[in-house]
Amino acid sequence: MEAGGVADSLLSGACVLFTLGMFSSGLNLSWLSYGALKGDGTLIIVNSVGAMLQTLYILVYLHYCPRKRGVLLQTAALLGVLLLGFGYFWLLVPDLEARLQWLGLFCSVFTISMYLSPLADLAKVIQTKSAQHFSFSLTIATLLASASWTLYGFRLKDPYITVPNFPGIVTSFIRLWLFWKYSQKPARNSQLLQT
C-alpha cells in the first residue's frame with residue numbers, strides 16, 4: 001500500500017473513531033445521504049452507526065420519560081422535517097450534482113451551528129469566571145473529531161466537509177483556553193460550606 005493510501009486509511013479511521021465518540025447532533029441522516037450521493041464509505045459508516053445510536057438514545061429516553069406526549073410530538077415533528085427534506089432532495093432535485101451541492105450546504109450550515117452552540121454558555125463562564133458549564137471531555141472529543149474531519153475534507157478537496165468542521169477546531173480552542181484561564185477558580189457565585 002502506498003504512503004497516500006495509508007494516510008487516507010488512518011485519516012478515515014480517525015474520523016470514524018472520533019466522531020463516534022462525540023455524537024451529539026441529529027445530522028447523521030443528512031450526512032449519511034451526502035455520503036451515499038458521493039459514494040464515500042467513511043461518511044456512510046460513521047453516520048449509519050450514529051443514526052442507530054441516536055435512535056437507541058431516543059427509544060431509551062422515551063421508555064424512561066414520565067411525560068411521553070410532548071417528547072413524542074417533538075420526535076414526530078423532527079421525523080416529519082427529515083422526511084420533507086429527504087423528499088425534497090431525492091424527488092424534487094433531479095440533477096445529482098445540484099442535489100449534492102444543496103445537501104452539502106444544508107449539512108454545512110447545521111454542522112457549523114452545532115459547533116457554535118456550546119459558546120452559548122460563554123457569557124455565563126465569563127460572568128462566573130468558572131468553566132464548569134463546559135464539558136472538558138466533550139471539548140476534547142469535538143477538537144479531535146472536527147480536526148480529523150477538516151483534514152479529511154481537505155484531503156478530498158470537499159469544502160462541504162472541510163469548512164463546517166473548522167469552527168469546531170476554533171471553538172474547542174476557545175473552550176480549552178477558558179478551561180486554562182479559569183482553572184482552579186471556583187465560581188464567583190458559589191459559597192463554601194461551613195462546618
Side-chain angles (χ1 to χ4, degrees), residues 5 7-62 71 74-118 135 137-172:
D8 288 348
S9 294
L10 289 173
L11 189 53
S12 176
C15 290
V16 171
L17 177 69
F18 296 143
T19 304
L20 288 176
M22 71 163 270
F23 271 124
S24 62
S25 162
L27 289 174
N28 304 109
L29 295 177
S30 299
W31 279 114
L32 177 60
S33 297
Y34 184 78
L37 280 174
K38 285 193 70 157
D40 188 315
T42 301
L43 285 170
I44 292 169
I45 290 169
V46 76
N47 289 293
S48 294
V49 172
M52 288 186 286
L53 286 172
Q54 288 180 338
T55 300
L56 179 64
Y57 298 156
I58 290 169
L59 292 174
V60 168
Y61 181 79
L62 285 173
V71 175
Q74 289 175 347
T75 304
L78 178 61
L79 286 173
V81 169
L82 287 173
L83 286 174
L84 282 174
F86 180 79
Y88 172 77
F89 285 116
W90 289 96
L91 301 174
L92 298 178
V93 182
D95 179 47
L96 179 65
E97 191 60 35
R99 188 183 311 161
L100 192 61
Q101 289 176 353
W102 278 105
L103 189 56
L105 183 62
F106 172 83
C107 293
S108 295
V109 166
F110 284 99
T111 299
I112 290 170
S113 67
M114 175 192 73
Y115 281 134
L116 295 178
S117 66
S135 166
S137 58
L138 181 59
T139 300
I140 297 299
T142 300
L143 176 62
L144 294 173
S146 57
S148 60
W149 280 110
T150 300
L151 291 172
Y152 186 75
F154 182 74
R155 181 85 171 130
L156 295 178
K157 295 176 177 57
D158 187 334
Y160 297 116
I161 297 174
T162 306
V163 173
N165 284 289
F166 186 74
I169 297 169
V170 174
T171 59
S172 293

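As the structure is a prediction and not an experimental result, all values here were calculated from the model.
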Quick check for you: to the nearest 0.5 Å, what is the distance between L92 atom CG and L84 atom CG? 10.0 Å
Side chain to side chain contact (heavy atoms under 4.5 Å, CB included) for F154 and V163? Distances and angles first, verdict last. CA-CA 9 Å; F154 182 74; V163 173; over 6 Å; no
Do T111 and W149 pair up side chain to side chain, a donor and an acceptor below 3.5 Å, judged on atom types alone? no
Is there a side-chain contact between Y34 and D158 (heavy atoms, below 4.5 Å)? yes
Quick check for you: to the nearest 0.5 Å, what is the distance between L59 atom CG and Q54 atom CD? 12.0 Å
Show the numbers, then the answer: is there a side chain to side chain contact (heavy atoms under 4.5 Å, CB included) between D40 and Y152? CA-CA 11 Å; D40 188 315; Y152 186 75; 2.8 Å; yes
How long is the gap from CZ on R155 to OG on S148, to the nearest 0.5 Å? 15.0 Å
On a heavy-atom basis, the closest approach of W31 and Y160 is CH2-O, 3.0 Å
Gap separating the CG atom of L96 from the CD atom of Q101, nearest 0.5 angstrom: 10.0 Å
Closest heavy-atom pair and its distance - L32, I44: CD1-O, 3.5 Å
Checking N47 side chain against G50 main chain: does a donor-acceptor pair fall under 3.5 Å? no
With rounding to the nearest 0.5 angstrom, report the CG to OG distance, L53 to S48. 11.0 Å
Heavy-atom closest contact (K38 atom, L100 atom, distance): CG-CD1, 3.5 Å
Taking T162 for its side chain and P159 for its backbone only, find out whether a donor-acceptor pair lies under 3.5 Å. no
Identify all side-chain donor-acceptor contacts of residues 164-172 below 3.5 Å with residues at least two apart in sequence or on another chain.
residue : atom : partner : partner atom : Å
N165    : OD1  : Y115    : OH           : 2.9
N165    : ND2  : I161    : O            : 2.6
T171    : OG1  : Y115    : O            : 3.3
T171    : OG1  : P167    : O            : 2.9
T171    : OG1  : G168    : O            : 3.3
S172    : OG   : L143    : N            : 3.3
S172    : OG   : G168    : O            : 2.7

